[in-house]
Amino acid sequence: QEKPSKKNTTAKCKIVIDAGHGGKDPGAVGTYTVKGKKVTINEKDVNLKVGKMLYSRLKSAYPDKNISLTRSTDKFLSLSQRTDIANSIKLKDKEAILYISIHVNASLDKKASGYEVWYLSPGYRRTVLDKNSTDDKNLFPILNSMMEEEYTTESILIAKFIMDGIQAQVENLSSPRGIKAEEWFVVRNSNMPAVLVELGFVSNEKEALLLYDESYLQKLSLGIYNGLAAFVMHFERSRGFTGL
């Protein structure tokens, strides 16, 4: 995909990439034989590799944007530390922040496979506005509800774009499991549009060996990047002049 033109590189969207697990927390683990050798595939390593690939693609395409990783090394971060990093980023007028959490799936069913993207269940209610944002305390619940619904709509759109982006890259190497709603901690505690991407199943030998392949991880990172780029273009063209 071509890089966005300069007119789309204004810093209206900031992006936080969260590579799940890390350090003492390996996440899902699978051990398989590759060319006669035992190989252990740790979710934390796959997440970090794809996160760094995605970060590199985004920084290259959007040099003026604030793109950040919750972790760039194999270190442990609590779930609350991850969301605190994102929630502490300051926004200027007409700016928005997107939160992308990257994970690998596992199942007792060794045949389970495929990639999926999760967003916060619309039934979950959270406070996304600063309570000092309005002097009218009766108005605050209404404004908060409007913003929360907006975040949900945007999260669904990001999820769809990412699903389409991954599918275009991996083609028949893996299969889409769809976009789904759930109350994952990092999604429900980030006060912004947020999605959680499950790259595949480390419990499925065929898919685990794909997740061990650098070229396949590049396909996944390109798919996620293309999805985010599509959303950024949509967001900045439709709302860049009106702000949030």
Side-chain angles (χ1 to χ4, degrees), residues 1 13 15-21 27-28 30 41 43 46-47 49-51 53-54 57-58 79 82-83 98-126 148-190 192-213 216-235:
Q1 172 168 321
C13 277
I15 301 173
V16 176
I17 304 164
D18 174 37
H21 304 281
I41 304 167
E43 176 186 357
V46 177
N47 296 344
K49 286 179 181 178
V50 173
M53 289 174 182
L54 177 59
R57 291 182 187 280
L58 287 167
L79 296 177
R82 295 170 189 276
T83 52
L98 315 177
Y99 186 89
I100 315 299
S101 190
I102 298 174
H103 286 259
V104 170
N105 224 330
S107 173
L108 293 175
D109 178 4
K110 304 301 182 185
K111 294 181 180 180
S113 66
Y115 49 91
E116 56 198 24
V117 187
W118 296 80
Y119 63 95
L120 181 63
S121 171
Y124 185 87
R125 288 290 169 255
R126 58 183 169 166
E148 187 184 38
E149 288 179 11
E150 189 171 298
Y151 285 171
T152 298
T153 300
E154 289 168 353
S155 297
I156 293 171
L157 192 56
I158 295 169
K160 183 183 185 307
F161 282 147
I162 289 177
M163 282 293 296
D164 290 347
I166 292 176
Q167 188 168 11
Q169 294 303 313
V170 305
E171 298 180 315
N172 62 353
L173 292 175
S174 185
S175 55
R177 293 167 62 89
I179 60 174
K180 303 175 182 181
E182 185 54 90
E183 294 174 12
W184 298 114
F185 184 96
V186 291
V187 177
R188 74 170 190 254
N189 286 280
S190 52
M192 61 203 67
V195 297
L196 186 147
V197 183
E198 294 277 12
L199 301 172
F201 284 77
V202 76
S203 50
N204 178 297
E205 183 173 5
K206 179 183 176 183
E207 196 151 78
L209 295 181
L210 283 174
L211 296 171
Y212 184 68
D213 182 349
Y216 184 74
L217 298 187
Q218 289 286 2
K219 290 179 185 292
L220 289 171
S221 70
L222 179 56
I224 298 170
Y225 161 76
N226 284 340
L228 288 174
F231 178 80
V232 168
M233 182 178 293
H234 165 84
F235 176 87

- How far apart are the C-alpha atoms of Thr153 and Leu157, what are their side-chain angles, what is the distance that settles it, and do they pass the side chain to side chain contact (heavy atoms under 4.5 Å, CB included) test? CA-CA 6 Å; Thr153 300; Leu157 192 56; 5.8 Å; no

- Item | Side-chain (Asn105) to main-chain (Gly200) donor-acceptor, under 3.5 angstrom |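 Not confirmed, Asn105 side chain does not pair with Gly200 backbone.
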
- Would you find a donor on one side and an acceptor on the other, under 3.5 Å apart, between the side chain of Glu43 and the backbone of Ala28?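 Such a contact is found between Glu43 side chain and Ala28 backbone.
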
Rounded to the nearest 0.5 Å, what separation is found between the [atom1] atom of [X] and the [atom2] atom of [Y]?
X: Ile15; Y: Met192; atom1: CD1; atom2: CE; result: 12.5 Å
X: Ser203; Y: Leu108; atom1: OG; atom2: CG; result: 8.0 Å
X: Leu58; Y: Ile17; atom1: CG; atom2: CD1; result: 5.0 Å
X: Leu199; Y: Tyr216; atom1: CG; atom2: OH; result: 8.0 Å
X: Lys111; Y: Glu205; atom1: NZ; atom2: CD; result: 14.0 Å
X: Phe231; Y: Ile100; atom1: CZ; atom2: CD1; result: 9.0 Å

- Message: Can you list everything that forms a salt bridge (charged side-chain N to carboxylate O under 4.0 Å, His left out) with Lys49? Sequence neighbours excluded, please.
- Response: Glu214

- Task: With sequence neighbours excluded, tell me which residues meet salt bridge (charged side-chain N to carboxylate O under 4.0 Å, His left out) with Asp164.
- Result: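 Per chain and number, Asp164 pairs via salt bridge (charged side-chain N to carboxylate O under 4.0 Å, His left out) with Lys160.
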
What side-chain donor-acceptor pairs closer than 3.5 Å can you find for residues 171-179, not counting sequence neighbours?
| from | atom 1 | to | atom 2 | distance (Å) |
| --- | --- | --- | --- | --- |
| Ser174 | OG | Glu207 | OE2 | 2.6 |
| Arg177 | NE | Glu116 | OE1 | 2.7 |
| Arg177 | NH1 | Ser113 | O | 3.2 |

Can you name the nearest heavy-atom pair linking [X] to [Y], along with the distance?
X: Glu198; Y: Val104; result: OE1-C, 3.1 Å
X: Val202; Y: Gly30; result: CG2-N, 3.8 Å
X: Arg57; Y: Ser221; result: NE-OG, 3.1 Å
X: Gly20; Y: Asn47; result: O-ND2, 2.9 Å
X: Val46; Y: Leu211; result: CG2-O, 3.8 Å
X: Leu98; Y: Cys13; result: CD1-SG, 4.5 Å

Within a strict 4.5 Å, meaning less than it, do heavy atoms of the [X] and [Y] side chains meet?
X: Phe201; Y: Lys110; answer: no
X: Asn226; Y: Gln169; answer: yes
X: Val195; Y: Trp118; answer: no
X: Val197; Y: His103; answer: no
X: Leu210; Y: Leu217; answer: no
X: Leu196; Y: Val117; answer: no
X: Tyr119; Y: Glu182; answer: no

- Kindly check if the number of other-residue, nucleotide or ligand heavy atoms within 6.0 Å of NZ (Lys206) is above 12?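 No, not enclosed.
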
- Item | side-chain hydrogen bond (donor to acceptor under 3.5 Å, both in side chains) involving Gln167 - partner list, sequence neighbours excluded |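 Result, side-chain hydrogen bond (donor to acceptor under 3.5 Å, both in side chains) vs Gln167: none returned.
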
- For Tyr99, side-chain hydrogen bond (donor to acceptor under 3.5 Å, both in side chains) partners two or more places apart: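 Expected list: Asp18.
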
- Kindly determine whether Leu54 and Ile102 satisfy side chain to side chain contact (heavy atoms under 4.5 Å, CB included), including the steps that lead there. CA-CA 10 Å; Leu54 177 59; Ile102 298 174; 4.2 Å; yes

- Which residue pairs pass the salt bridge (Lys or Arg N to Asp or Glu O under 4.0 Å) test when at least one of the two sits in residues 220-231, sequence neighbours left out?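 Not a single pair qualifies under salt bridge (Lys or Arg N to Asp or Glu O under 4.0 Å).
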
